[in-house]
There are 2 protein chains.
Amino acid sequence: MTELRRAAGAARGRSSVPEATVARLPLYLRVLTSLADRAVRTVSSETLAKAAGMTSAKVRKDLSYLGSYGTRGVGYDVDFLLGRIAAELGLTEDRTVVLVGVGNLGHALAGYAGFRSRGFRVVALLDVDPDRIGESVGGVAVSPLDEMEALVERNQVTIGVICTPAAAAQAVCDRLVSAGITSILNFAPIALSVPVGVDVRKVDLAVELQILSFHEARKRSAPATGGVAAPTRSPGRRAGGRSGESDDPRLAMVTRAPTGPPTLGTRGTGPLVGTTGGTSGAATGAVTGAKTGGEAS
Amino acid sequence: MTELRRAAGAARGRSSVPEATVARLPLYLRVLTSLADRAVRTVSSETLAKAAGMTSAKVRKDLSYLGSYGTRGVGYDVDFLLGRIAAELGLTEDRTVVLVGVGNLGHALAGYAGFRSRGFRVVALLDVDPDRIGESVGGVAVSPLDEMEALVERNQVTIGVICTPAAAAQAVCDRLVSAGITSILNFAPIALSVPVGVDVRKVDLAVELQILSFHEARKRSAPATGGVAAPTRSPGRRAGGRSGESDDPRLAMVTRAPTGPPTLGTRGTGPLVGTTGGTSGAATGAVTGAKTGGEAS
DNA sequence: TCAACTTCGTGAAGTCCTTCACGAAGTCGT
DNA sequence: ACGACTTCGTGAAGGACTTCACGAAGTTGA
Ligand SMILES: NC(=O)c1ccc[n+]([C@@H]2O[C@H](COP(=O)([O-])OP(=O)(O)OC[C@H]3O[C@@H](n4cnc5c(N)ncnc54)[C@H](O)[C@@H]3O)[C@@H](O)[C@H]2O)c1
Ligand SMILES: NC(=O)c1ccc[n+]([C@@H]2O[C@H](COP(=O)([O-])OP(=O)(O)OC[C@H]3O[C@@H](n4cnc5c(N)ncnc54)[C@H](O)[C@@H]3O)[C@@H](O)[C@H]2O)c1
């Protein structure tokens, strides 16, 4: 009955390199580059896998999506594979980038050599702070935000990097899209919304740390799993850390604390579901896969 | 025949929250924090989903792993959920962090307020450069690497952040692990190997950009994709015995160019090609995303 | 040329994650 | 108190990705 939906999957149609594989190609590329620098000629899936922290089966599967370019009994030709992956990633031509928000983080990124060495050319740095305009970072001068459109068009820029505070991110994003940018790398801790056709990737330090924290919490198994108290309506002002940045315009249409008590009594009732339900069960389990390769989509 | 291996999977056993869900909890946490700051009392899965760039079904499914704490017809209690997620992520107690490599990137991270605001306390900054020792960033002084062990123990540090050049990363990692660190966030473009029980997550700018580049390449469908030249038959001769040691021990047993001088200028320095990119050069890469569920293709 | 190896390529099976869909539980207005 | 509505919780179905396992293709040495 779902045969019809097959069409959707087909949309991804040709080329069809799985996303998970695409995310690993850069890894292989790095290892191959390193090997090439050492004049290594060929490499087996096993060796490549070890260097990339991967399994050989996965490597072979991944590479098979690019075609059958290995030599049985030998391995893959380093130089050839290098070129093949670079081509697949669209790195044959330099890609231009604009970076918006030259603050702490923006500075570090703008001066990052790995940018250029990988074929990404930063052609513009933009900021609203007058004090930063004109300053040069990594050989590129900081320009006022207003020059965005002109710079993007003149340099045929397709990738934008956002390093502004969260509050400004969506506006900057919208403007980048209007200017013609179709790929965005966002460092601001906020989910951007963009029209279809525009890709967004997010890098979030806090998220990474919190994920580590999760696993950390399970390592020292302190199974003193106190039963969770019922979700009382009573304000408990939990911890969690108050973050300074909170300016998400999409947080509308939610229940607000009534300044004047319109519906008081009714509100406070229902203590919510008990734990009766058969399922769920969120006890604490010893886990710790410990493997380095765990991912999620 | 695979039934037996079930044991391995069972290790993940009962009640554990799926990795994919864990990776999204920080996202919800952020949105909830923002809501709480505005005195919003309850939020529906639909609203939460929109703010987090997610679907409501996914949100409900994710939250269901923590237990059934929603109220039908109403939604989730913001404060309660906030506390519940924070607890699940092990954020009830401050987590301490050491950061190694206070260079460009390290500086930015060390001064990042988002660290502290989310319950992560940077208790030490370490570097080998004598010029940096003593300098204070974000209220923390840079200490010499030798103090790592003492600092880690004294402060019960469990998380380490690596911002050194790739060439030094594995050594730093090893030392961190020896000192007692069990979670590492790695910004150096190299795959670290660690003993089981230690978690590693990587963040790599270059990988993100290359993934964007891949999709970018498919957007402007320039089908002028010249047929790939034949897989270049390699005259390769496998190395008989040992192969020279190199920066990365895992790159052993690979074919080397015959008569080629072992150490080719790659020693140590690694990246930094600086000049007009092209292909040659640096090492970049490393991957592992774990997130980004919101793309449309 | 042949036998012994090595290593790729890939169907198939298994695991994990996402999406669907709908009953249950609760709220709200009258 | 009741009927109309909301919104959660969750089994089930479907996909996506990973791992297995083994035949095929190619290499090396005698
Ligand atoms: N510093 C880090 O290590 C780090 C880590 C993770 C995430 N982040 C995130 O990256 C972003 C930047 O962090 P930061 O530490 O560099 O902050 P910052 O305040 O040092 O820099 C922000 C810069 O953006 C500029 N800016 C503000 N509004 C702008 C606008 N509308 N258009 C263009 N430029 C604008 C400011 O002038 C400033 O130069 C924040 O969202 C932060 O949460 C930073
Ligand atoms: N700068 C960026 O935006 C950026 C982005 C992505 C990844 N990275 C990666 O992050 C790492 C750091 O980048 P960076 O631009 O800050 O480089 P950097 O050269 O500015 O800083 C490196 C720092 O590490 C210190 N260091 C070197 N060896 C060390 C050792 N053995 N122990 C302790 N400290 C040591 C150096 O003294 C220096 O202070 C690199 O691996 C880089 O590839 C950087």
Side-chain angles (χ1 to χ4, degrees), chain A residues 1-6 8-9 12 16-24 42-49 54-77 231 255 262-263 265-274 276-281 289 291 293-297, chain B residues 1-3 5-6 8-10 12 16-24 42-49 54-77 231 233-238 240 253 255 290 293-294:
Chain A
M1 54 176 71
T2 9
E3 328 305 285
L4 299 180
R5 206 178 314 98
R6 286 279 56 218
R12 200 204 33 184
S16 78
V17 178
E19 262 307 297
T21 293
V22 171
R24 283 187 295 266
T42 66
V43 61
S44 69
S45 61
E46 183 61 36
T47 303
L48 184 47
M54 209 107 273
T55 69
S56 63
K58 212 187 276 185
V59 168
R60 288 200 300 282
K61 192 61 131 181
D62 283 341
L63 297 184
S64 78
Y65 291 114
L66 309 189
S68 300
Y69 300 124
T71 304
R72 299 175 190 215
V74 176
Y76 300 87
D77 181 275
T255 324
T263 54
T266 11
R267 238 43 172 64
T269 31
L272 311 220
V273 204
T276 21
T279 32
S280 69
K291 46 151 188 193
E295 281 113 345
S297 100
Chain B
M1 48 188 69
T2 2
E3 327 306 284
R5 208 178 313 94
R6 284 284 55 222
R12 201 249 337 221
S16 76
V17 180
E19 262 307 298
T21 293
V22 171
R24 282 188 295 265
T42 65
V43 61
S44 70
S45 61
E46 183 62 35
T47 304
L48 185 46
M54 208 108 276
T55 69
S56 63
K58 212 188 278 185
V59 168
R60 288 199 302 279
K61 192 62 133 179
D62 283 341
L63 297 184
S64 77
Y65 290 113
L66 310 188
S68 302
Y69 300 123
T71 305
R72 301 174 188 214
V74 175
Y76 301 87
D77 181 275
R233 170 69 29 260
S234 69
R237 2 165 321 139
R238 302 192 326 93
M253 61 177 287
T255 321

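Throughout, a chain's letter reflects where its sequence line sits, starting with A, and its residues are numbered from 1.
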Contact between Tyr65(A) and Pro18(A) at the side-chain level, heavy atoms closer than 4.5 Å - yes or no?
yes
Euclidean distance, atom OH of residue Tyr69(A) to atom C1' of dA25(D) [Å, nearest integer]:
18 Å
Answer yes or no: is there a side-chain heavy-atom contact under 4.5 Å between Arg60(B) and Leu63(B)?
no
How long is the line joining CD of Glu19(A) and P of dT18(C), in whole Å?
14 Å
Using modelled atom types and a 3.5 Å cut-off, is there a donor and acceptor pairing between side-chain atoms of Thr71(A) and backbone atoms of Val74(A)?
no
Please state how far atom CG in Leu66(B) lies from atom C1' in dC8(D), giving the value in whole angstrom units.
14 Å
Nearest-nucleotide pick for Ala57(A), side chain only, options being dC17(D), dG9(C), dC20(D):
dC20(D)
Side chain of Ser44(A) (C-beta onward), nearest among dT18(C), dC17(C), dT7(C):
dT7(C)
Distance, rounded to the nearest Å, where Glu46(A) contributes CD and dT6(C) contributes C1':
12 Å
Nearest-angstrom distance from the residue atom CG of Asp62(A) to P of dA16(D)
16 Å
The side chain of Tyr76(A) lies closest to which of these nucleotides: dT19(C), dC8(C), dC22(C)?
dC8(C)
Would you tell me whether Thr42(B) and Asp77(B) have side-chain atoms, one donor and one acceptor, within less than 3.5 Å of each other?
no
Can any side-chain N or O of Thr55(A) pair as donor or acceptor with the backbone N or O of Lys58(A) at less than 3.5 Å?
yes
Taking for Arg72(A) and for Arg60(A) the nucleotide of DNA chain D with the nearest heavy atom, the one nearer the 5' end belongs to Arg60(A)
Please pick, from dT10(C), dA12(D), dC17(D), the nucleotide with the shortest atom-to-atom distance to any side-chain atom of Lys61(B).
dA12(D)
Nearest to side-chain heavy atoms of Lys58(A), which nucleotide of dT18(D), dG26(C), dC17(C)
dT18(D)
Write down the distance between OH (Tyr65(A)) and P (dT10(C)), rounded to a whole number of angstrom.
10 Å
For atom CG of Leu63(A) and atom C1' of dC8(C), their distance in whole Å
10 Å
Does a side-chain N or O of Ser68(B) approach OP1 or OP2 of dT10(D) to a distance below 4.0 Å, or not?
yes
Measure from CG on Asp77(B) to P on dA25(C) and round the result to the nearest Å.
21 Å
